[in-house]
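Taking it in order: structure first as C-alpha cells, then the write-up.
What you see is a predicted model, and the numbers here were worked out from it, not measured in a lab. Below, each value reflects all heavy atoms present in this structure, side chains not excepted, and no hydrogens, waters or symmetry copies.
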Amino acid sequence: MKNWQAGLLAAGFIALTASGAGAQTLRVGLQEDPDLLDPDLARSFVGRIVFTSLCDKLVDLGPDLDFVPQLATEWSWSPDNKALTLKLRQGVTFHDGEPFNAEAVKFNIERSLTLPGSTRRSEIAAVTSVDVVDPYTVRLNLSEPFAPLLAALSDRAGMMISPKAAREAGENFSRTPVCSGPYKFVERIAQDRIVLEKFPQYWNASAYPLEGVTYLPIPDTTVRLANLQSGGLDIIERTAPADLPTVRGDSSLKLEQATSLGYQGITLNVGNGPRADQPLGKDPKVREAFELAIDRNIVNQVGFEGEHTVGNQPVAPTNPFYAKSVPVPERDVERAKKLLEEAGHGRVKVELMTPNAPDSLRVAEVIQALAGEAGFDVSVNATEFATGLDRQTRGDFEAFLIGWSGRADPDGNIHTFVSCKGGLNDGKYCNPKVDEHLNAARTTTDTATRKAEYAKAAELYLADRQRIYMYHQNWFWAMTAALEGFKPHPDGMIRLEGVSLKK
Amino acid sequence: MLAYMARRLAVSIPTLLLISMLVFSLQLLLPGDPALAIAGEERSPEVLAAIRERYHLNDPVPVQYWYWLTGVLSGDMGESIRSRMPVTELILSKLPVTIQLAVMAMIIALAIGIPAGIVSAVRKGTAWDMGANVVALSGISIPNFWLGIMLIMLVSVQWGLLPASGYANPLEDPLRNIQTMIMPAFVLGTGIAAIMMRHTRSAMLSSLRADYVRTARAKGLSERIVVLRHALRNALIPVVTLGTLQLGELLSGAVLTEQIFTIPGFGKLIVDAVFNRDYAVVQGVVLFTGTAFILMNLLADMLYFLLNPRLRA
C-alpha cells in the first residue's frame, strides 16, 4: 500500500471512530417515545419524565412522598376543605418571556377542564371555579372536599404552560411546548430525540448545572444498556432486572433505585358479565384459596431475580399509606386446599389472561405452577396488550395479570379501581362499606384520619380479594459513574436539580 | 417501450386501491380498540370518546375509508393518532434516513456479493468457492437482529469504536451520521450480499459455459477480459433485477435492523405505529410501501430491458 493511501485510511479510521467531546448535556435513554408534549393531552408515563425538566408544576413531590413548593410557595385549605388557596412564586417567567401569575394559573386550570380530549379533566373535576385573589394568590373552589387535588397539582394537572403560547399555537401546542421549567424546548424528532436546553431566566437556574438534556427513546433494554456502556448515553431508565448484574459488575456505571408508586397484580372478574359466573368470580373463599396458593417471593424471584418489592396492597409496604393491619400473607397450600374443599370444589379451572410480554408470561407461568399445587388448573392466555385492555373493559376475562403505574395520592391507586362506580373497576367489584371509607378519605385533609380510613377500606377489600396485589416494580436507573447528584424518586421521574456530569 | 410503461403504471393504480382496501378491512380483524391502546392509563370514558370522535373511529369502516381516500387524493394522509403529526410529514421525514441506509447497504452488498460470486464461479470447486459458499450460507442464515446485537456488543461496548445506536442528520453532523449508519448498513448489506453472491455465481457459471464465451476464448482474449467483459455483462442482468427488488424491500423498511440500532427510519415508524395501533400511520405507510414496490418493479423491468439487447430487438 502506498504511503498516502495508508495515511488517508488511518486518518479516515481515526475520524470515524473518534467520539465527539460532549458539552455538559445529559443524554437520557427512555424506554419509549413520549406521545403529546402537552400536559393537558399527554397520556404516557414516559412523557412525564420529559415534562419534569420542561414544565414546572404548582407543587412537587419529595422523595418521601411529601408535597414541596415549586411554583406555589405555600397553600392552605379552607375550614370546610372546599377551597384550596395557593400563594405563587414571584418573578417567574415562561420560556417565551411571559410572566407567571395568578391569571396564568386560572388559564391553565380552566384549560385542563375544558380542552377537548383533556386527559386531566377527571383528575381535577372537583374544581368548579378559579378566583384570582391578587396577582400572586389564587383560590381553587371545589364542589366537594377533595384531598387528592394536591397530588393532581403535583403532576400534569399542575403543570403551567404559557397562556400566550397556548392561545397562539392552539391545537399545535404539543409540537412546540412553552412552559416555565429549568429547561426549554429546542426540537423534537419523532421516535429519535427530544432536545431541551437550559433556560437562563429560570427562577432557580443556579441549581441546575447541566446546559441541556436530550431524551433518546430506545425500546430494547439490552440496546439501551449497551448505549450506556459504550458512552452514548449518560443515564437510562427502567433497566431490566436481568441486566442489573451487568450494571453492578461495571465499575464505570452506577445504579440507583426506588420502589414505584404503582402495583402489579391480578384483577379478578367478580361482577362484569357472564364470565364472572365461575367459582373464582363468585366465591370469596375460592379467591382466598387462590391467593394462599401464590408465593409472592417466588414470583419475584423467578420473574425478576428478586429485584422488585413484594406487597399485598395498592401501595407498597414502604408507602406511608400502607395498612400495617393487613400484612403480606404467607403461602399456605394446605389451607388453600381445605378452603377449596369447603367451598365444594374439586379442581377449579381458571383462565389467566396476560399481556404477551416475556416478563408477564414468566409471572403467569409461575402462578400456574404454584396455584396448580393447591388445586387450580390455570390456563395462561397471552394476549396483546391493547386487546387485553379491551377484553378487560368488556368483561371478557376471568383473571387478568395487569398493573398500574401509580399516583402520588393513594386515592389514585384505589378509588377508581375498587369503588362501586370506579371508572377502572373492570372486575365490577362493589362493596358499599369500602366506598364509605374511600369517600371519607377524600373529604379530609388530615393525614392521620386519611390513613385510618384507607386502612379500614383495605381490611375490607383485601378480604374480598377482587384484586390480588403481588408486587411493586422498582425503578432502576443505571448511569455513568461521572453523573453526580441524582436523587431517586418513587414516581420514577428524573429530576435534574443538582445533577452534573463530572469531567 | 413507453406505451408498455404507461400501461404498467395505469394498472398499478387499481392495485394500490385494492391494497388500501385490504389494509382497511384487515383493521377490522385486529382485536382491541385503538382508542384504548392510545389512551393507555388515561382511559376515562371522555378521553376515549374524544379520541374516537377526532379520528372517526365510531364510523363504519367504509365511511372511514372514504375519509381516508378523499384525504389522500387531496394529498393529506391524515394525522398520527398518537402524536398528532401529519402522516405525510412523518413519512417524508423518515424516508431520507431509510434511503440512505438502503443505499449504503446496497453498496456494501454489491461490493461484497458480486466479486465473491465471480471468484467462486471462476474457481468453481476450489477452496475459494467453498469458502465463499460457506460465508454466503451464513450470511443468509444469520438473523439480522442477532448479528446487530453481536456487533453492538463487540464494536461499541467491548471496543468502544462506534456509537451503539442513534442517528445524526448528515447535513448537521456528517461524521456522526456515518458512524451511526455504518453498522446497520453492514448488517443489512451482508444479508443481501449473500443472496447476490449466490445469484452472481450461478449466472456466471451459465455464462461461462455459453457459446459466446467459448468464441471469445477461441479468439485468444485474455481470461480477464473473457470473464469481466463477456461473461459478467450477461450474468449481471438477473443480478440487477434482483438488486432493484431488494432495494424496494430495503426502502419498505429494514424493520428489525432499524429497531435494534434505533435508526428513526421507515421500519421503526411501521413497528411503532402497529404497536401503538396508530391506524392513520399504518395506512399511510402501507400505501407508500405499495407504491415503492410497484415503482421498483417497474424500474427493474426497465433496467432489464436496457441491459438485455435481445429484448430490444
* **Among A:Q229, A:R120, A:E171, A:R224, residue most engaged with chain B (heavy-atom pairs, under 4.5 Å)** => A:E171
* Below 4.5 Å from any heavy atom of chain B, which atoms of A:D33 appear? Answer side chain, backbone, both or neither. => backbone
* **Top contributor to chain B interface from A:D35, A:L228, A:N227 [non-hydrogen pairs under 4.5 Å]** => A:N227
* Structure fact -> d(A:L225 CG, B:I152 CD1) to nearest 0.5 Å is 11.5 Å
* Heavy-atom count around B:F275 CZ within 6.0 Å, excluding the residue itself: above 12? -> no
* With a 4.5 Å cut-off on heavy-atom pairs, point out which of B:G166, B:S156, B:A50, B:S165 contacts chain A the most. => B:S165
* Asked: Can you check whether B:I263's main-chain N or O pairs, donor with acceptor, with A:D192's side chain at less than 3.5 Å?
  -> no
* If you measure from CG on B:N276 to CD on A:E32, what distance do you get to the nearest 0.5 Å? -> 8.5 Å
* A:L233, part contacting chain B, at a heavy-atom distance under 4.5 Å -> neither
* So do the side chains of A:L216 and B:T262 get within less than 4.5 Å of each other, counting heavy atoms only? -> no
* What do you reckon, is CD of B:E53 surrounded by more than 12 foreign heavy atoms closer than 6.0 Å? -> no
* Asked: Do B:S93 and A:I189 come within less than 4.5 Å of each other through their side chains, counting heavy atoms only?
  -> no
* Go through the atoms of A:R394 and report whether side chain, backbone, both or neither lie under 4.5 Å from a heavy atom of chain B. => neither
* To do: Check each atom of A:L37 against the heavy atoms of chain B and say whether the ones under 4.5 Å are side chain, backbone, both or neither.
  => neither
* Asked: Under a 4.5 Å heavy-atom cut-off, does chain A meet the side chain of B:V47, its backbone, both or neither?
  -> side chain
* Asked: Side chain of B:R84, backbone of A:R175: donor and acceptor closer than 3.5 Å?
  -> no
* Are B:E42 and A:R407 within salt-bridge range, i.e. N to O under 4.0 Å? -> yes
* Contact part of A:R156 toward chain B, heavy-atom cut-off under 4.5 Å: side chain, backbone, both or neither? -> side chain
* Using non-hydrogen atoms and a 4.5 Å limit, figure out which bit of B:Q158 sits close to chain A: side chain, backbone, both or neither. => neither
* Asked: Counting heavy-atom pairs under 4.5 Å to chain B, which of A:G117, A:A226, A:G232 comes out on top?
  -> A:A226
* To do: Using a cut-off of under 4.5 Å on heavy-atom pairs, state which of B:A39, B:S83, B:A49, B:P45 scores highest against chain A.
  => B:A39
* **B:L269 versus chain A, the contacting section by heavy-atom distance below 4.5 Å** => both
* Asked: Can you find a pair of side-chain heavy atoms, one from A:P219 and one from B:K268, that are under 4.5 Å apart?
  -> yes
* Asked: Hey, are the side chains of A:D220 and B:I260 touching, using non-hydrogen atoms and a 4.5 Å cut-off?
  -> no
* So does B:Y55 have more than 12 non-hydrogen atoms from other groups sitting under 6.0 Å from OH? -> yes
* Asked: Are B:R43 and A:R43 close enough that some pair of their side-chain heavy atoms sits under 4.5 Å apart?
  -> no
* Tell me, for A:S118 versus chain B, whether the close heavy atoms (under 4.5 Å) come from the side chain, the backbone, both or neither. => backbone
* Asked: Among A:S174, A:G423, A:A190, A:G388, which has the most heavy-atom pairs under 4.5 Å with chain B?
  -> A:A190
* **Within-4.5 Å side-chain heavy-atom neighbours: B:R277 and A:E384** => yes
* Using non-hydrogen atoms and a 4.5 Å limit, figure out which bit of B:E89 sits close to chain A: side chain, backbone, both or neither. => side chain
* To do: Side chain from CB out, backbone as N, CA, C, O: work out which of these in B:I51 comes under 4.5 Å of a heavy atom of chain A, or both, or neither.
  => side chain
